[in-house]
Amino acid sequence: MILSEAPKSNNNTKLMHIKEFFGFSHSSSSKSLHSFQSSDRRKPPPSSYDSSESAAMEEAIVNSEPIITKWDPDSSEFNRITFLFRHGRAESDEFVNSVNSLRRAMDFFISENSTSPVLVLAQQLMQAAMRRLEKEFYQILSENRQNLDPESISSRSSNRSMADGETSDLITEFDRVSADLKSIADCMIDSGYGKECVKIYKVIRKSIVDETLYRLGTEKFKISRIMRWNWDSLEHVSKNWMNSIKIVVNTLFRGEKILCDHVFSRSEMIRESCFSEITKDGAIALFRFPELIAKGKKDSDKIFLLMELYEANSDVLPEIEVIFDSVSTSAIKTQAQTSMEKLADSIRDILSEFGSTIQKDSSKNPAPGGGIHPLTRSAMNYISSLGDYAGTLSDILTAENSTIPSSYMETIGADDALSSPVAAQLGWLILVLLCKLDTKAELYKDVSLSYLFLANNLNFIVKTAATTNLNTLVGTEWVTNHRSKVKVYAAKYEATAWNRVVNSLPESWSEETAAEGLKRFNAAFEEAYRKQISWRVEDGNLRDELKTAIAKKVVPIYREFYEGYCVEKVNVGVERNDLGKAFGVRFSPDDLGNYLSDLFHGVSPSSQKG
């Protein structure tokens with residue numbers, strides 16, 4: 001007799017069908033039935049056994065049989081290809097409720113009368129029910145990948161009151177699908193079949209996580225492979241990682257966390273373990289990438305890429321700590337934190353090495369014409385670019401991990417702009433550069449050119465600091481003080497380069513001393529002009545200031561001499577045009593100004609080395 005067709009008239013009839021299910025049919029021998037009854041009598045239930053409750057539990061088992069048997073996937077070919085949860089909410093709810101009733105009945109008999117023969121029937125029904133629920137669980141997960149994609153889940157969680165239309169329809173579909181999954185998971189977990197349920201969930205959802213990571217271009221890299229990359233490859237893969245990390249954390253992992261927590265809300269241990277196994281491999285590989293990059297070559301230019309990786313990691317770290325907040329996912333969170341630490345270590349190492357590189361610069365070729373040294377240009381471009389990452393560096397540089405000499409830090413007052421770790425670090429690098437430039441200035445044989453070199457380079461440093469983010473770091477006082485030093489170097493250049501020219505003219509003169517003084521002046525001016533015509537001052541303002549200062553130094557004195565000497569000669573009948581031929585007057589005061597205007601453009605094709 002088929003159990004689903006059993007009449008439901010009374011408990012005796014139901015019990016008869018239970019016995020038939022165990023092989024005690026109406027045609028069974030009286031001996032078999034007697035044996036069954038005798039065996040049952042040999043193991044009486046406990047004295048506290050409630051026979052009325054027992055009858056109710058037996059009835060619950062019998063009542064669950066029709067729908068469970070109806071949907072047993074092993075009972076027919078039709079059942080193998082048909083799905084319960086597609087037949088509407090009413091029947092699927094009835095099935096799940098029947099299984100829950102079956103479970104409660106089994107729990108009762110296990111607790112109150114563990115020798116009851118109805119447990120065998122109940123177990124067989126339970127196994128049939130679990131086969132069906134496993135099949136349904138797998139099917140729902142498989143055919144609803146689109147409705148259960150992490151982006152939809154995350155969006156739904158972030159904004160539950162969405163506009164009408166396709167998005168709302170999708171949310172409704174998600175609610176239906178996720179509710180079915182939760183209903184099945186709750187039932188299977190409560191029935192002791194959580195392991196089978198979780199296994200299906202892990203396989204399908206892990207494949208979605210892995211596929212999404214692959215599609216986003218994030219994969220598991222080895223340090224040996226990274227070490228072989230050229231700069232373009234390194235930058236390309238790193239930029240792709242930075243573009244993907246927010247999507248992966250805020251959408252993929254967050255969405256999986258939300259879905260897993262919802263489906264397995266019945267068991268904290270299961271949902272944490274399940275989420276961990278779904279995401280662990282992909283998440284650790286993803287979050288380990290910055291650590292691998294940090295372990296590579298510590299080239300100075302790599303620091304900017306490392307800081308961008310640090311920023312990207314830092315932006316999502318709070319969300320990572322929320323998503324992976326359980327003991328089972330602690331290794332994932334730890335990996336993200338470790339990558340941050342390794343990036344910070346590498347950035348500090350590069351900063352320290354950069355300062356050492358400046359100190360160790362052994363180039364013996366002076367900058368042509370006392371112009372901007374390549375080291376000055378490259379170092380200040382680098383340092384000013386570091387200033388653009390002040391926010392990131394403020395997280396990385398602290399007083400505790402500073403590589404700056406304590407002797408330097410002791411010179412900085414508490415209220416000094418350089419007192420912050422970032423400003424102190426960049427200020428220290430500038431100071432290292434200034435000290436190196438002092439040694440570079442010694443390469444010039446001409447002292448005046450050394451001062452011009454120092455004025456040029458310090459002016460470039462100050463201008464860079466004043467016109468970039470360094471200004472807010474080093475402070476206006478630092479800029480003002482170092483501008484004053486530029487003026488000091490400029491004044492020393494003027495004195496050493498032009499005092500000989502000015503001093504060549506006598507303070508008081510006679511016919512003989514005037515002629516001799518004029519000869520000395522002509523020679524000194526021509527020599528200074530010839531030598532300095534190849535010298536360079538790239539900054540227009542500094543160049544104009546120097547020309548103006550030199551003109552004020554030389555032209556008035558010469559004009560006074562020229563006008564006094566020439567007027568006297570004219571008064572004795574010498575034509576002005578003949579002054580040069582007759583008395584050696586080569587320059588008018590206006591001529592000097594014209595000559596001086598040619599200076600500092602570096603027009604000589606040859607390098608001026610002093």
Side-chain angles (χ1 to χ4, degrees), residues 365-381 384 430 433-434 437-438 440-468 470-471 478-502 521 524-559 587-610:
N365 296 322
I372 310 300
H373 198 282
L375 178 63
T376 304
R377 200 181 301 277
S378 63
M380 285 309 299
N381 287 343
S384 64
I430 294 175
L433 174 62
L434 291 173
L437 290 175
D438 285 341
K440 298 292 185 186
E442 296 172 0
L443 297 173
Y444 295 99
K445 297 177 181 178
D446 192 309
V447 175
S448 60
L449 185 54
S450 296
Y451 285 125
L452 182 64
F453 168 80
L454 291 172
N456 265 326
N457 283 265
L458 181 56
N459 183 70
F460 180 87
I461 291 170
V462 171
K463 186 176 180 181
T464 301
T467 57
T468 64
L470 287 176
N471 190 41
W478 185 96
V479 172
T480 300
N481 290 340
H482 285 77
R483 274 184 177 148
S484 299
K485 292 181 181 179
V486 174
K487 295 183 181 298
V488 171
Y489 287 137
K492 289 184 177 181
Y493 152 74
E494 294 161 17
T496 54
W498 292 98
N499 277 358
R500 179 171 174 268
V501 176
V502 173
F521 177 86
F525 184 83
E526 287 179 347
E527 180 184 358
Y529 175 80
R530 185 172 58 253
K531 180 168 58 175
Q532 296 183 52
I533 191 64
S534 63
W535 293 3
R536 301 178 180 181
V537 179
E538 294 184 16
D539 181 71
N541 291 332
L542 180 60
R543 184 167 59 242
D544 291 342
E545 289 173 5
L546 287 172
K547 288 180 181 180
T548 300
I550 295 168
K552 287 181 179 179
K553 191 180 190 73
V554 176
V555 175
I557 295 176
Y558 182 75
R559 186 184 297 279
F587 308 106
S588 70
D590 292 339
D591 290 337
L592 293 184
N594 292 334
Y595 275 104
L596 292 176
S597 67
D598 294 338
L599 296 179
F600 309 131
H601 292 284
V603 296
S604 174
S606 60
S607 271
Q608 177 65 33
K609 298 185 179 180

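One is the number of the first residue; the rest follow in order along the sequence.
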Distance flag, aromatic centroids of Phe525 and Phe587, threshold under 6.0 Å: yes

Point-to-point distance, once rounded to the nearest 0.5 Å, from CD of Glu442 to CG of Leu454: 9.5 Å

Non-hydrogen side-chain atoms of Leu470 and Met380 separated by less than 4.5 Å: yes

Test side chain to side chain contact (heavy atoms under 4.5 Å, CB included) applied to His482 and Leu434, step by step: CA-CA 11 Å; His482 285 77; Leu434 291 173; 4.0 Å; yes

Parallel, tilted or perpendicular: rings of Tyr444 and Phe453 (30°, 60°): tilted

Arg543 side-chain N/O to Val537 backbone N/O, donor-acceptor pair under 3.5 Å: yes

Side chain to side chain, Lys553 and Asn499, heavy atoms closer than 4.5 Å: yes

Check against side chain to side chain contact (heavy atoms under 4.5 Å, CB included), Leu452 and Leu546: CA-CA 10 Å; Leu452 182 64; Leu546 287 172; 3.8 Å; yes

Point-to-point distance, once rounded to the nearest 0.5 Å, from CG of Leu437 to CG of Leu375: 6.5 Å

Straight-line distance of Leu443 CG to Leu449 CG, nearest 0.5 Å: 10.5 Å

Non-hydrogen atoms of Tyr493 and Ser448 that approach each other most closely: CD1-O, 3.4 Å

Over 12 non-hydrogen atoms of neighbours within 6.0 angstrom of NZ in Lys487: no

Any side-chain heavy-atom pair of Phe600 and Ile550 under 4.5 Å: yes

Side-chain donor or acceptor of Asn457 paired with backbone N/O of His373 under 3.5 Å: yes

Derivation and outcome, side chain to side chain donor-acceptor pair (under 3.5 Å), residues Asp590 and Ser588: CA-CA 5 Å; Asp590 292 339; Ser588 70; 5.1 Å; no

Exceeds 12 heavy-atom contacts within 6.0 angstrom, atom OH of Tyr529: yes

Donor-acceptor contact below 3.5 Å, side chain Ser534 vs main chain Gly369: no

Gap separating the CD1 atom of Ile430 from the CD1 atom of Ile461, nearest 0.5 angstrom: 7.0 Å

Identified side-chain contact (heavy atoms from CB on, under 4.5 Å) counterpart of Phe460 within the set Leu542, Thr376, Asp539, Val486: Thr376

Other residues, nucleotides, ligands: >12 heavy atoms within 6.0 Å of Arg377 CZ: yes

Which atom of Val501 lies closest to which atom of Ala524, heavy atoms considered: CG2-O, 3.6 Å

Euclidean distance, Glu526 CD relative to Phe521 CZ, rounded to 0.5 Å: 9.5 Å

Salt bridge (charged side-chain N to carboxylate O under 4.0 Å, His left out) between Glu538 and Lys463, intermediate numbers included: CA-CA 12 Å; Glu538 294 184 16; Lys463 186 176 180 181; over 6 Å; no

Side chains of Leu596 and Trp498 in contact at under 4.5 Å (non-hydrogen atoms): yes

Interatomic spacing from CD in Glu494 to NZ in Lys492 - rounded to 0.5 Å: 12.5 Å

